[in-house]
Amino acid sequence: MSAAQIIPSCADVLVLRHGQTEWNAAGRLQGHFDSPLTEKGLRQAHRQNEILQAYDLAGFRFITSPQGRARTTAQIALAGIAAEIETSAELMEIGMGAWAGTTRAEIAAERKSSLQDLGQTQFYDWAPGGEGIARLYDRCGAFLAQLTGPTVLVTHGMTSLCLRLCALSWGLDRLADLPSGQGVVYRVKAGHHDEL
């Protein structure tokens, strides 16, 4: 079964992307590397907490990526809400292989191409030793298929996109149809996507 055919049994999935990091601000791709949250990133996590405080989260599980930027965001965004925050390596960011820590401009220079030629996401599939978007999508679909109830997930940019695609039963051809902001909370419920 492909990830696009998986419809999670949980009725409600809330997805948070970690707050801005120093590498986000510098335009560096993090992948499995890590970088601390900026002051803006900390404010974004506090904003997520405000959003979640107004939402009925009774009966929800709370799961975060084990990467530092996501864990820090989860601790702030779920403060006073979650008695327990689980971690799952399945929520880690897409592996960037040899390109982790580089900028899109550096990748373009290495490939002797323009930034436009990299596209918004297709360069993730070119990363030497990287995970690739299709494998990330399958990882996210398999993770969602194991959930048994409503869940809050704290994760990363590309992983957030693929989680929401799978939760909506959309294919990768719809990747550009979803936003990927920081400091917001996305909800997928009953086949619909919105921002709280």
Side-chain angles (χ1 to χ4, degrees), residues 1-20 24 41 43-67 69-94 120-121 124 133-196:
M1 181 184 334
S2 74
Q5 296 168 315
I6 294 171
I7 300 175
S9 57
C10 50
D12 212 341
V13 177
L14 304 182
V15 182
L16 288 66
R17 180 183 175 190
H18 63 77
Q20 184 193 65
N24 288 146
R43 288 193 306 272
Q44 289 171 331
H46 283 289
R47 176 64 185 133
Q48 289 168 322
N49 180 263
E50 292 172 6
I51 294 167
L52 292 173
Q53 290 282 358
Y55 198 82
D56 181 6
L57 294 172
F60 274 70
R61 281 175 73 189
F62 305 92
I63 310 174
T64 184
S65 159
Q67 293 177 265
R69 58 195 186 272
R71 283 189 292 107
T72 300
T73 299
Q75 290 164 357
I76 296 168
L78 299 174
I81 296 171
E84 178 186 359
I85 304 172
E86 304 170 51
T87 61
S88 173
E90 299 302 305
L91 295 179
M92 290 177 67
E93 181 59 304
I94 187 170
Q120 288 300 308
T121 58
Y124 286 100
I133 297 173
R135 280 190 287 170
L136 172 64
Y137 178 79
D138 288 342
R139 167 163 55 99
C140 290
F143 172 83
L144 288 173
Q146 298 172 31
L147 298 181
T148 58
T151 311
V152 175
L153 305 173
V154 183
T155 188
H156 309 268
M158 286 301 297
T159 308
S160 166
L161 286 168
C162 285
L163 284 166
R164 289 179 284 136
L165 282 176
C166 292
L168 289 162
S169 296
W170 289 0
L172 281 172
D173 59 320
R174 302 284 304 272
L175 191 64
D177 293 346
L178 292 176
S180 184
Q182 292 172 303
V184 297
V185 178
Y186 296 113
R187 174 176 56 184
V188 179
K189 184 173 184 177
H192 298 283
H193 180 277
D194 64 351
E195 180 182 320
L196 298 182

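Checked by atom type and distance alone, the side chain of Arg17 pairs as donor or acceptor with a backbone atom of Ser180 at under 3.5 Å. Judged purely by atom type and a 3.5 angstrom limit, Arg164 uses its side chain to pair as donor or acceptor with the backbone of Pro179. Side chain of Gln182 to main chain of His18: a donor-acceptor pair is present (N/O by atom type, distance under 3.5 Å, no hydrogens or angles). Remark: the backbone N or O of Gly149 is paired with a side-chain donor or acceptor of Thr151 at under 3.5 angstrom. Side chain of Arg139 to main chain of Met92: a donor-acceptor pair is present (N/O by atom type, distance under 3.5 Å, no hydrogens or angles). A donor-acceptor pair under 3.5 Å is absent between the side-chain atoms of Glu86 and the main chain of Arg61, judged by distance alone. Between the side chain of Thr155 and the main chain of Leu91, a donor-acceptor pair closer than 3.5 Å is present.
At a threshold of 4.5 Å between non-hydrogen side-chain atoms, the residues Phe60 and Leu14 count as touching. The closest side-chain heavy-atom distance from Tyr186 to Leu178 is not below 4.5 Å. With a 4.5 Å cut-off on side-chain heavy atoms, Gln75 and Thr64 do not count as touching. Side-chain contact between Ile51 and Leu16 is absent, with no heavy-atom pair separated by less than 4.5 Å. Contact annotation: the side chain of Met158 approaches that of Leu175 to within less than 4.5 Å [non-hydrogen atoms, C-beta and beyond]. Side-chain contact between Leu57 and Leu52: present, with at least one pair of heavy atoms (C-beta onward) separated by less than 4.5 Å.
When all heavy atoms are compared, the tightest approach of Asn24 to Gly19 is OD1-O, 3.9 Å. Contact detail for Ser65 and His156: the closest heavy-atom pair is OG-NE2, 2.8 Å. In plain terms, the two heavy atoms of Ile133 and Cys162 that are nearest each other are CG2-SG, 4.3 Å. Between Arg71 and Thr87, the closest heavy-atom pair is CD-CG2, 4.5 Å. Between Cys166 and Tyr137, the closest heavy-atom pair is SG-O, 3.4 Å. Annotation for Pro150 and Gly59: closest pair CG-O, 3.7 Å, computed over non-hydrogen atoms.
In this structure, Gln48 CD and Ile81 CD1 are separated by 10.5 Å, a value rounded to the nearest 0.5 Å. Taking CD of Gln53 as the start and CG of Leu78 as the end, the distance is 9.5 Å to the nearest 0.5 Å. Taking CG of Asp138 as the reference point, atom CG of Leu136 lies at 9.0 Å (rounded to 0.5 Å). Taking OG1 from Thr73 and CD from Gln67, the interatomic distance works out to 11.5 Å, rounded to the nearest 0.5 Å. To the nearest 0.5 Å, atoms CZ (Arg47) and CD (Glu50) are separated by 5.5 Å. If you take CG on Leu147 and CG on Asp12, they are separated by 12.0 Å, rounding to the nearest 0.5 Å.
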Task: side-chain contact (heavy atoms from CB on, under 4.5 Å) evaluation trace for Arg69 with Glu93 - done: CA-CA 11 Å; Arg69 58 195 186 272; Glu93 181 59 304; 3.7 Å; yes
TODO: Please step through side-chain contact (heavy atoms from CB on, under 4.5 Å) for the pair Leu144 and Leu153, ending with a clear verdict.
DONE: CA-CA 10 Å; Leu144 288 173; Leu153 305 173; 4.2 Å; yes
